[in-house]
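Naming: A, B, ... by sequence-line order, numbering from 1 per chain. This structure is a prediction, so every number in the text was calculated from the model and none was measured.
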Protein chains: 2
Amino acid sequence: MTEQGSLLDDLKARGTRITPQRAIIIEAIETLSGHITAEQIFAAVQQVNAYISLATVYRTLDLLKELGLIIESNMGGPTSHYALHDHSTHHHAVCRMCRHTIELPSDLFKPIADQLQTRYGFMADDNHLVVFGWCKGCAERAFSGGSTCQSA
Amino acid sequence: MTEQGSLLDDLKARGTRITPQRAIIIEAIETLSGHITAEQIFAAVQQVNAYISLATVYRTLDLLKELGLIIESNMGGPTSHYALHDHSTHHHAVCRMCRHTIELPSDLFKPIADQLQTRYGFMADDNHLVVFGWCKGCAERAFSGGSTCQSA
DNA sequence: TTATCTGCAAACGATTTGCGGCAGC
DNA sequence: GCTGCCGCAAATCGTTTGCAGATAA
């Protein structure tokens, strides 16, 4: 589906080498195709070639990030999540309590993005925005009775 | 200005002890009154009492976070930033390239927050949202000529 | 009193880096 | 063959934690 050739081409155009490791890592990112951690990518890559190191995964992620081909986002935890930049556009609402994530359509933020562009000249990333807050269940629990959450 | 008594009261109401360390840390957060890192708080606290440890700062931040009195947000770097939850409401636009931050009025996101509430029952935090993207300068540089940024 | 808090220092997990050898172009 | 890349392992950095003594209530 997604033409991973373009990613490799982008790398080549930038003057970087296409190594088997990079091809494998890129393919893993495309196959997993979600918001994934470096560890998850590493695990997938290892199934293809067990001799690829985690350091290489991180270095490749840096490279792709720099090229704008992938997006790094923080979901509230200590680990970064990565996703293809052109992966089906959507945003996230993350519950501060139970960490549950809701996917939001990207058009929800269109008006905001337009305003940022017009008023500040800021070109907002149209993808993988993260909004924190409280999901229905946790909000009810927190603002009525106790402040505990079942899945905290 | 801001009544720091209320923070201490909140702590007391929760059954936690009011220690000098906590009072100092809370005061530091209120005095710095922005989006500050644990290290910054630690530095400020040290000027009042050099024997307060960084661990205590983190533990107090956890406590305040759990109580919802402060908000932890990630500005794209490796360090967390903290702010009083009721600190003058605003959001942030952070440039992925030069890390420059623009402060945005909170009402910009009001319509979005309303929609999240209506459509998903999600109560979005009305404060300290972080939008990533590219500032005017970096966007021009990146999408016309080279992909380097002066302050990267 | 006594349960909670503190300081210390060591542990921790995610990420980065120095280095010698290897390999894409 | 040259330059950039890789694997390894150690370093780093922010943050967390175990423990024994101190202290607010």
Side-chain angles (χ1 to χ4, degrees), chain A residues 5 7-29 35-46 48-67 70-82 99 152, chain B residues 7-26 28-29 35-46 48-67 70-82 99 152:
Chain A
L7 285 177
L8 292 176
D9 286 346
D10 268 314
L11 282 186
K12 213 178 297 181
R14 205 219 177 195
T16 56
R17 288 184 189 164
I18 308 303
T19 62
Q21 289 91 334
R22 287 180 175 168
I24 292 171
I25 290 169
I26 286 173
E27 199 186 331
I29 296 171
H35 299 80
I36 48 184
T37 63
E39 284 290 346
Q40 287 176 304
I41 296 167
F42 180 57
V45 161
Q46 288 255 306
V48 181
N49 184 332
Y51 295 99
I52 295 178
S53 77
L54 185 55
T56 299
V57 171
Y58 275 110
R59 281 193 271 232
T60 304
L61 286 173
D62 267 353
L63 192 65
L64 295 173
K65 205 167 53 180
E66 226 172 281
L67 274 171
I70 60 171
I71 287 296
E72 179 180 9
S73 37
N74 175 285
M75 302 303 213
T79 55
S80 283
H81 289 240
Y82 302 86
R99 281 288 157 76
Chain B
L7 285 176
L8 291 175
D9 286 347
D10 268 313
L11 282 186
K12 212 178 296 182
R14 203 220 179 198
T16 56
R17 289 185 186 162
I18 308 302
T19 62
Q21 288 91 333
R22 287 181 175 167
I24 292 171
I25 290 168
I26 287 173
I29 296 172
H35 298 80
I36 47 184
T37 64
E39 283 292 346
Q40 286 175 305
I41 296 167
F42 180 57
V45 161
Q46 288 254 307
V48 181
N49 183 332
Y51 294 99
I52 295 178
S53 78
L54 184 55
T56 300
V57 171
Y58 275 110
R59 282 192 271 233
T60 304
L61 287 172
D62 267 353
L63 192 64
L64 296 173
K65 205 167 52 179
E66 227 172 282
L67 274 171
I70 60 171
I71 287 294
E72 179 181 6
S73 38
N74 175 285
M75 302 303 215
T79 56
S80 283
H81 290 240
Y82 302 87
R99 281 289 156 76

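Side-chain contact between A:R14 and A:L67 is present, with at least one heavy-atom pair separated by less than 4.5 Å. Side-chain atoms of A:L64 and A:D10, non-hydrogen and from C-beta on, never get closer than 4.5 Å to each other. Residues A:V48 and A:E27 form no side-chain contact, since every pair of their non-hydrogen atoms from C-beta on lies 4.5 Å or further apart.
Comparing B:Y58 and B:R17, the nucleotide of DNA chain D nearest to each residue sits closer to the 5' end for B:Y58. Between B:T19 and A:A38, the residue anchored nearer the 5' end of DNA chain C, judged by the nucleotide with its closest heavy atom, is B:T19. Map B:S80 and A:Q21 each onto its nearest nucleotide of DNA chain D; the residue landing nearer the 5' end is A:Q21.
Close approach of DNA chain D to chain B, defined as any atom under 4.0 Å from a non-hydrogen atom of the protein, starts and stops at D:dG14 to D:dA25. For DNA chain C, the span of nucleotides reached by chain A at under 4.0 Å from its heavy atoms goes, 5' to 3', from C:dA14 to C:dC25.
Here the CD1 atom belonging to B:I25 is positioned 3.5 Å from the OG1 atom belonging to B:T60, to the nearest 0.5 angstrom. Here A:T37 contributes atom OG1 and A:Q40 contributes atom CD; the two are 3.5 Å apart, rounded to the nearest 0.5 Å. Atom CG of A:L8 and atom CD1 of A:I26 lie 4.5 Å apart (nearest 0.5 Å). With rounding to the nearest 0.5 Å, the separation of OH in B:Y82 from CD1 in B:I41 is 7.5 Å. If you take CD1 on A:I24 and CG on A:N49, they are separated by 5.0 Å, rounding to the nearest 0.5 Å.
Within 4.0 Å of B:T37, counting heavy atoms only, lies no atom of the nucleic acid at all. Across all strands, B:R59 comes closer than 4.0 Å to base atoms (heavy-atom distances). Within 4.0 Å of B:I18, counting heavy atoms only, lie sugar-phosphate atoms of the nucleic acid but no base atom.
The pair A:D62-A:R59 fails the salt-bridge criterion, with no side-chain N (NZ, NE, NH1 or NH2) lying under 4.0 Å from an Asp/Glu carboxylate O.
The two residues B:I70 and B:K65 come nearest to each other via the heavy atoms CG1-N, 3.6 Å. Smallest separation of non-hydrogen atoms from A:H81 and A:H35: ND1-O, 3.5 Å.
Heavy-atom distances under 4.0 Å link DNA chain D to no residue of residues 71-79 of chain A.
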